[in-house]
Amino acid sequence: MKTLDDLLGEGVSGRRVFVRADLNVPFDKANPGVISDDGRARAVLPTLIALRDAGARVIVASHLGRPKGAPDPKFTLRPVATRLAELLGSSVVFADDTVGPEATQAVAELQDGQVLLLENLRFNEGETSKDDAVRGAFAGQLAAFADFYVDDAFGAVHRKHASVYDVPARLPHYAGGLVLKEVEVLKKVSESPEQPYVVVLGGSKVSDKLAVIQALLPKVDKLLVGGGMCFTFLKAQGHEVGKSLLEAEMIDTCKALLEQASGRIVLPVDVVAATEFSADADHAIYDISEIPADRLGLDIGPKSTALFSEAISGAKTVFWNGPMGVFELAPFAAGTRGVAEAITKIDGFSVVGGGDSAAAVRTLGLDESAFGHISTGGGASLEYLEGKTLPGVAALEK
Ligand SMILES: Nc1ncnc2c1ncn2[C@@H]1O[C@H](COP(=O)(O)OP(=O)(O)OP(=O)(O)O)[C@@H](O)[C@H]1O
Ligand SMILES: O=C(O)[C@H](O)COP(=O)(O)O
């Protein structure tokens, strides 16, 4: 795999370099447009600075959220361009479209050492299309903007999307420093995790992560499941989960996984459930057999936090992806904080994966240096650990 250093060695002054970044940053739920954690933008800075300082014309592209293949102002990258300019200490040109007239003109006018951010890639159906021709046509438009392609979007390497998989097939391609570092650390954890190996899963992308559980089960000593994911498992165990996040069509899969795990999947024994998804909602702690029909579980309870912390304490390797609750709202942050603190105390190596999990570490004021590695990829790091070939990595290796 060729790297950014190789490209810099070849010389990029005056050349146009397309950088796929993962600028899918979280926003403050109470203040639309305000970025609550800029960790993913900071993580790609070394690549952008190196290219800018080498005199390249840097074209940055990213997705944000999951818009449906058409422009949607809720998911504009404009606030991210502003933040990126602050972090870079130099201006960032923002194009209001991705491959349309604005972007085309901005690319044409780009000066040596200037950085341009294109609008959200997912405003175009070609980005995520399953149809190779549709994706390829969009990739062709993106590739026409540049001489070289650099992938530093580790968080998106598991997506077979145009900007991740098809653009590198059309341009000389290089791995950025972030992608290289992430792959190096995760390779070590996936190939030879020191035992006991405990995986902690939470968050809200339930069906994405169920497949991962299946693959990880044979490798782990314990798999702790909290967050929005746990309710489909609790339902599979026969508990009523009220209005909690539930993927009904996955209940049977969860039942099968619980059987296969023979005790290695650990579920919460209590939850904090509220009348609605709001920081002001009435909320209380319930045993999992007593979740009221009109409430939704928004955090694991204190007994579960203690149970999970105990399981974590003896581990030599811990991989954590997905918050234990809606940590962005103060009444539902205790489970995530408790589990994160337990991870910082282990006598071993820990990896935190995921945009929101990494954001939780920072916004809850935990010491980042107490973790072995904080990955920018959630789904990406999970799929890497699962042993899957990641389309973005495969594209760079070709
Ligand atoms: N019980 C719950 N009900 C609903 N949402 C929840 C619950 N627990 C956690 N969440 C939400 O899950 C979100 C994070 O989930 P997600 O699966 O995206 O994790 P992640 O670490 O960001 O991984 P990735 O990088 O793959 O996105 C947070 O915004 C959090 O509020
Ligand atoms: O948040 C993430 O894990 C990455 O940015 C990928 O986002 P996606 O799950 O919407 O593809």
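First listed ligand is number 1; within each ligand, the first listed atom is number 1. Because the structure is a prediction, the values reported are computed rather than measured. Values reported hereafter were calculated over all heavy atoms of this structure, with side chains retained and with hydrogens, waters and symmetry mates removed.
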Heavy-atom contacts with Ser357 under 4.0 Å: which atoms of ligand 1 show up? List them by number with element.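 Reading through ligand 1 atom by atom, the close ones are 21 (O).
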Heavy-atom pair of closest approach, residues Val212 and Asp208: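 That closest heavy-atom pairing would be CG2-O, 3.8 Å.
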Heavy atoms only: give me the nearest Leu329-Ala279 pair and the separation to one decimal.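 Answer, listing the atom of Leu329 first, then Ala279: CD1-N, 3.9 Å.
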Quick one: does His161 get within less than 4.0 Å of ligand 2, heavy atoms only?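 The answer is no: ligand 2 sits nowhere under 4.0 Å from a heavy atom of His161.
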Which atoms of ligand 1 sit under 4.0 Å from any heavy atom of Asn321?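 Answer for ligand 1: 21 (O), 23 (O).
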Between Asp270 and Ser304, does a side chain to side chain donor-acceptor pair (under 3.5 Å) hold up when you go through it step by step? CA-CA 6 Å; Asp270 59 353; Ser304 312; 2.5 Å; yes
Which atoms of ligand 1 are found less than 4.0 Å from any heavy atom of Gly379? 26 (O)
Within 6.0 angstrom of Lys181 NZ, more than 12 heavy atoms from elsewhere: no
Do the two ring centres, one from Phe231 and one from His239, sit under 6.0 Å apart? no
With a 4.0 Å cut-off, would you call Asp96 and Arg78 a salt bridge?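 Yes.
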N/O of Asp356 under 3.5 Å from N/O of ligand 1, yes or no? yes
Looking at Glu276 and Ala281, what are the two nearest heavy atoms and their distance? O-CB, 3.3 Å
Same cluster (ILVMFWY, side-chain, under 4.5 Å), Leu48 and Val80: yes
Closest non-hydrogen protein atom to atom 6 (C) of ligand 1, residue and atom name please, with distance?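 Checking every protein heavy atom, the shortest distance to atom 6 (C) of ligand 1 gives Val326 CG2, 3.6 Å.
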Got the closest protein heavy atom to atom 31 (O) of ligand 1, with its distance? Glu328 OE1, 2.7 Å
Would you mind listing which atoms of ligand 1 come within a distance below 4.0 Å of any non-hydrogen atom of Gly354? 21 (O), 23 (O), 25 (O)
Geometric class of the Tyr174/Phe148 ring pair [parallel <30°, tilted 30-60°, perpendicular >60°]: perpendicular
Contacting atoms of ligand 2, where contact means under 4.0 angstrom from a heavy atom of Asp22: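 Every atom of ligand 2 under 4.0 Å from some heavy atom of Asp22: 4 (C), 5 (O).
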Check Asp112 with Arg57, please: is the shortest side-chain N to carboxylate O separation under 4.0 Å? yes
Distance to 0.1 Å, residue and atom name: give those for the protein heavy atom nearest to atom 7 (C) of ligand 1.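 Looking only at protein heavy atoms, the one closest to atom 7 (C) of ligand 1 is Gly228 N, 3.3 Å.
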Are side-chain heavy atoms of Glu328 and Asp356 found at a separation under 4.5 Å?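 Sidechains of Asp356 and Glu328: in contact.
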Proximity of Phe332 to ligand 1 by residue part, where a heavy atom lies under 4.0 Å: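 Under 4.0 Å from ligand 1, Phe332 contributes no heavy atoms.
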I need the nearest protein heavy-atom contact for atom 25 (O) of ligand 1: residue, atom name and distance, please. Gly355 N, 3.0 Å
Contact between Val179 and Leu396 at the side-chain level, heavy atoms closer than 4.5 Å - yes or no?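 Yes, their side chains come closer than 4.5 Å.
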I need the nearest protein heavy-atom contact for atom 27 (O) of ligand 1: residue, atom name and distance, please.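 Nearest neighbour among protein heavy atoms for atom 27 (O) of ligand 1, to 0.1 Å: Lys205 NZ, 2.6 Å.
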Atom 2 (C) of ligand 2 has as its nearest protein heavy atom Arg40 NH2, 3.3 Å
Contact check, Met229 vs ligand 1, heavy-atom distance below 4.0 Å: no
Heteroatom proximity flag, Asp208 to ligand 2, N/O under 3.5 Å: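 Between Asp208 and ligand 2 (N or O atoms, distance only) the closest approach is not under 3.5 Å.
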Would you mind running through ligand 2 and noting each atom that sits below 4.0 Å from a heavy atom of Asn24?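 Under 4.0 Å from Asn24, ligand 2 has these atoms: 1 (O), 2 (C), 4 (C), 5 (O), 7 (O).
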Below 4.0 angstrom from a heavy atom of Gly297, which ligand 1 atoms are there? Numbered from 1 as shown, please. 1 (N), 2 (C), 3 (N)
Please could you name the atoms of ligand 1 that Phe231 approaches to less than 4.0 Å, counting only its heavy atoms? 1 (N)
Is the terminal nitrogen or CZ of Lys68 (NZ for Lys, CZ for Arg) located under 6.0 angstrom from the six-membered ring centre of Phe123 and within 45° of that ring's axis?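 Pair Lys68/Phe123 does not count as cation-pi.
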Contact summary for His173 and Lys2, nearest pair of heavy atoms: O-CB, 3.9 Å
Short list, please: which atoms of ligand 2 are under 4.0 Å from a heavy atom of Arg66?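 In order of numbering, the contacting atoms are 8 (P), 9 (O), 10 (O).
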Looking only at protein heavy atoms, which one is nearest to atom 13 (C) of ligand 1, and how far off is it?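 For this ligand atom, the closest protein heavy atom is Ser204 OG, 3.6 Å.
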Has Ser244 got a side-chain atom pairing as donor or acceptor with Gly297's backbone, closer than 3.5 angstrom? yes
Where on Leu296 is there a heavy atom closer than 4.0 Å to ligand 1, on the side chain, on the backbone, on both, or on neither?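 Near ligand 1, Leu296 shows nothing, with every heavy atom at 4.0 Å or more.
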Mark up the atoms of ligand 1 that fall under 4.0 Å of a heavy atom belonging to Lys209, in ascending order.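 Near Lys209, meaning under 4.0 Å from one of its heavy atoms, ligand 1 has 16 (P), 17 (O), 19 (O), 23 (O).
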Heavy atom of Arg40 under 4.0 Å from ligand 1?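 In this structure, Arg40 qualifies as a contact of ligand 1 - some heavy atom is under 4.0 Å.
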Atom 7 (O) of ligand 2 [closest protein heavy-atom partner, distance rounded to 0.1 Å]: His63 NE2, 3.3 Å
Nearest to atom 11 (O) of ligand 2, what protein heavy atom do you find, and at what distance? Arg159 NE, 2.6 Å
